[in-house]
Every structure is written in structure tokens, then in C-alpha cells.
Amino acid sequence: MERRDWRALEEVFELYGVEDFDEKKGLIERYVGMLEEKRAWAGLTSRALQERAPAAIAESVTLLAALKRGPTRVLEIGSGGGLLGVVLAVACPEWEVTMVESSGRKAAFLAEAIGACGIGNARVARARAESLVGSEEPDACVSRAAGGLEETAGVALGLLRPGGRYIALKQSDVLVEVEAASAAIEASGGKVAGILRPPLPRSIAERSGLSLVVIEKL
């Protein structure tokens, strides 16, 4: 694996109060190495995204701006290669993270990665997220590049316990998307609690259009 500059990740760990940087960076480096090795086989991520892996991983940590620390059951919708779910499980070992992925190869990669890295607080469900309504009731649902809000918010709200939160990590101006999804969100028993521009290290903030859409289940 090529040598990467992980200073942005160290900065974001410090910014969000995540401890044990060296140990957790080691796990993340091992995971990224596996991601590179299996990218073509499983169609995991674009080459462009992998080239900016440290920044992308740092962005995943910013979901802590919208979620409380402490024991929390988190379900990720459409995990893909795991850049969100794996990173959150490493950063927050007190969480129970379920990564939901319908692709057999991607789910197999995720299971292999969490096993090889010894990430004991994560598990993989090979399924479509909507099929788990009634069998899962997480405290929080999260997603990154899993589809439009009008679709994913309804699925998340069907899964969440009352008072739970759905946080969607978006990379562009989301006001139009949120407006288009507002009726579907209300019909599914939710409300938009806010759109956050989470703090990021200066080294990547200028190049990031990151927003967190926070939706609460009533």
C-alpha cells in the first residue's frame, strides 16, 4: 500500500475527542490496504475516492457531531466498501455497528475486513435495509452515498426506534434534496432536525462540501 499522509485523520480524531489514535490508525490502515486489494473484485469504491482515502475517512468521523458517544446501536444503510461503517466502529468501540449491504461480494469483503482487523463491535447483514424493518431497531441509522433522501429516509425511519436519528452524509448543497424529500419524511413519521456543516481540519475543509442531514423519528 502506498504511504499516505494521515495528519488529517489525527486532527479530526482530536477535534472529535477520539482517543488512541495510533492503535486505531493501524486498524484503519489495514482496512484500507484490504480495500485496495479487493476494489476491482467487489466493485468497492472508485479509484478517485481511494486516492483521497485519508480525507474520506476523516469525513466519516464527523458523524460524531450528530451522534452521542456511549453505548449506541448504529445501522448503516448501503455500506458498500465500509468507509463509513468500518471507520465508525473503529473510532467508537462502545458502539454496536451493523453494516447492511445487499451485494454478496461487498458483504463478503466487509465480513472479511472486520474479521481480519479484529473489529469486534461490527457485524454485516447481507440484505436490503428495508427487509430488516421489524427485526432491527437501532438508535441511529447512517448512510453515505446510498441514494437520495426521499428513498433512504423512509427506510431509516421504518427501522429506527422512536426518538432515534438518521444522519445522511452528503457531499453537495442538500437544500433542494431535503425540500424534495420533506413530504416523504413527514409521512414516515420523521422531521428534519437540521443540516450541519461539521468542523473539519483546515487541510481538507476548503476542498470539502460536506453536510450532515439530521432526521429524527417522532
Side-chain angles (χ1 to χ4, degrees), residues 1-36 45 49-50 52-77 79-100 109-124 138-144 161 163-171 193-194 196-208 210-214:
M1 182 178 67
E2 67 181 86
R3 185 173 180 83
R4 286 192 166 91
D5 185 347
W6 293 99
R7 283 176 295 182
L9 181 62
E10 185 172 12
E11 289 176 33
V12 85
F13 268 34
E14 182 176 353
L15 193 61
Y16 287 90
V18 180
E19 300 178 345
D20 303 319
F21 171 72
D22 289 336
E23 177 185 349
K24 292 173 179 178
K25 178 176 75 76
L27 293 177
I28 289 171
E29 283 185 306
R30 186 171 184 183
Y31 156 68
V32 171
M34 296 181 68
L35 192 65
E36 291 174 334
T45 63
L49 184 57
Q50 283 196 225
R52 60 182 294 272
I57 289 167
E59 289 171 351
S60 293
V61 177
T62 67
L63 267 78
L64 296 180
L67 291 174
K68 295 180 180 179
R69 300 296 297 270
T72 302
R73 294 167 298 165
V74 178
L75 183 146
E76 182 187 12
I77 297 171
S79 290
L83 275 172
L84 185 54
V86 170
V87 173
L88 290 177
V90 170
C92 302
E94 69 275 20
W95 288 2
E96 296 177 11
V97 179
T98 299
M99 293 181 284
V100 180
F109 165 77
L110 291 169
E112 181 182 359
I114 63 177
C117 296
I119 305 172
N121 61 321
R123 68 183 179 97
V124 181
D139 302 306
C141 287
V142 298
S143 69
R144 175 176 190 150
R161 64 165 179 78
R165 281 188 158 191
Y166 169 45
I167 298 93
L169 189 155
K170 297 288 184 177
Q171 281 287 356
L196 307 180
R197 291 297 304 270
L200 280 167
R202 184 178 299 177
S203 58
I204 60 175
E206 294 178 357
R207 301 190 301 275
S208 176
L210 185 69
S211 295
L212 302 180
V213 181
V214 183

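This is a predicted model, so every value here is computed, not measured.
Across P198 and A65, no two heavy atoms sit closer than the pair CB-CB, 4.2 Å. Shortest non-hydrogen contact noted between A66 and I167 is CB-CG1, 3.8 Å. Scanning all heavy atoms of the two residues, the minimum distance from R144 to A56 falls at NH1-O, 2.9 Å. Across every non-hydrogen atom of S79 and M99, the tightest pair is OG-CB, 3.0 Å. Minimum heavy-atom separation, A113 to Y31: CB-CD1, 4.2 Å.
A 4.5 Å side-chain heavy-atom check between V74 and D139 finds every atom pair outside the cut-off. With a 4.5 Å cut-off on side-chain heavy atoms, I77 and V142 do not count as touching. Taking the side chain as every heavy atom from C-beta outward, V32 and I57 approach each other to under 4.5 Å. The side-chain heavy atoms of L9 and P54, taken from C-beta on, include no pair separated by under 4.5 Å.
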Q.
Does T62 form a side chain to side chain contact (heavy atoms under 4.5 Å, CB included) with L200? I'd like the steps, not just the answer.
A. CA-CA 8 Å; T62 67; L200 280 167; 3.5 Å; yes
Q: For side chain to side chain contact (heavy atoms under 4.5 Å, CB included), just list the numbers for F13 and L64, CA-CA rounded to whole Å, side-chain angles, deciding distance to a tenth of an Å, and then say yes or no.
A: CA-CA 10 Å; F13 268 34; L64 296 180; over 6 Å; no
Q: Decide yes or no on side chain to side chain contact (heavy atoms under 4.5 Å, CB included) for R197 and S211, but give the supporting numbers first.
A: CA-CA 5 Å; R197 291 297 304 270; S211 295; 3.3 Å; yes
Q.
Run R73 and L75 through side chain to side chain contact (heavy atoms under 4.5 Å, CB included) and show every step you take.
A. CA-CA 7 Å; R73 294 167 298 165; L75 183 146; over 6 Å; no
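Note that OG1 of T98 is 10.0 Å distant from CG of N121, once rounded to the nearest 0.5 Å. The structure places CG of L83 at 6.0 Å from CG of L35, a figure rounded to the nearest 0.5 Å. In this structure, CE in M34 is found 14.5 Å from CD in E29, a value given to the nearest 0.5 Å. Considering SG of C117 and CG of L27, their distance stands at 6.0 Å, rounded to 0.5 Å. Here the straight-line distance linking atom CD1 of I28 with atom CD1 of I119 works out to 8.5 Å at 0.5 Å rounding. Taken from CD in E76 to CG in L169, the straight-line distance is 10.0 Å, to the nearest 0.5 Å.
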Considering only distance and modelled atom types, tabulate donor-acceptor pairs under 3.5 Å from the side chains of residues 86-97, sequence neighbours left out.
{"from": "E94", "atom 1": "OE2", "to": "R69", "atom 2": "NE", "distance (Å)": "3.0"}
{"from": "E94", "atom 1": "OE2", "to": "R69", "atom 2": "NH2", "distance (Å)": "3.3"}
{"from": "W95", "atom 1": "NE1", "to": "G70", "atom 2": "O", "distance (Å)": "3.1"}

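Between the side chain of Y166 and the main chain of S143, no donor-acceptor pair closer than 3.5 Å is present.
Judged as a side-chain hydrogen bond (donor to acceptor under 3.5 Å, both in side chains), and not counting sequence neighbours, T72 has no contacts. When the side-chain hydrogen bond (donor to acceptor under 3.5 Å, both in side chains) test is applied to Q171, the partners found at least two apart in sequence or on another chain are E59.
No option in E11, E14, E10 other than E10 meets the side chain to side chain contact (heavy atoms under 4.5 Å, CB included) test with F21.
Using a 3.5 Å distance cut-off with no hydrogens or angles, the side chains of S203 and R7 do not pair a donor with an acceptor.
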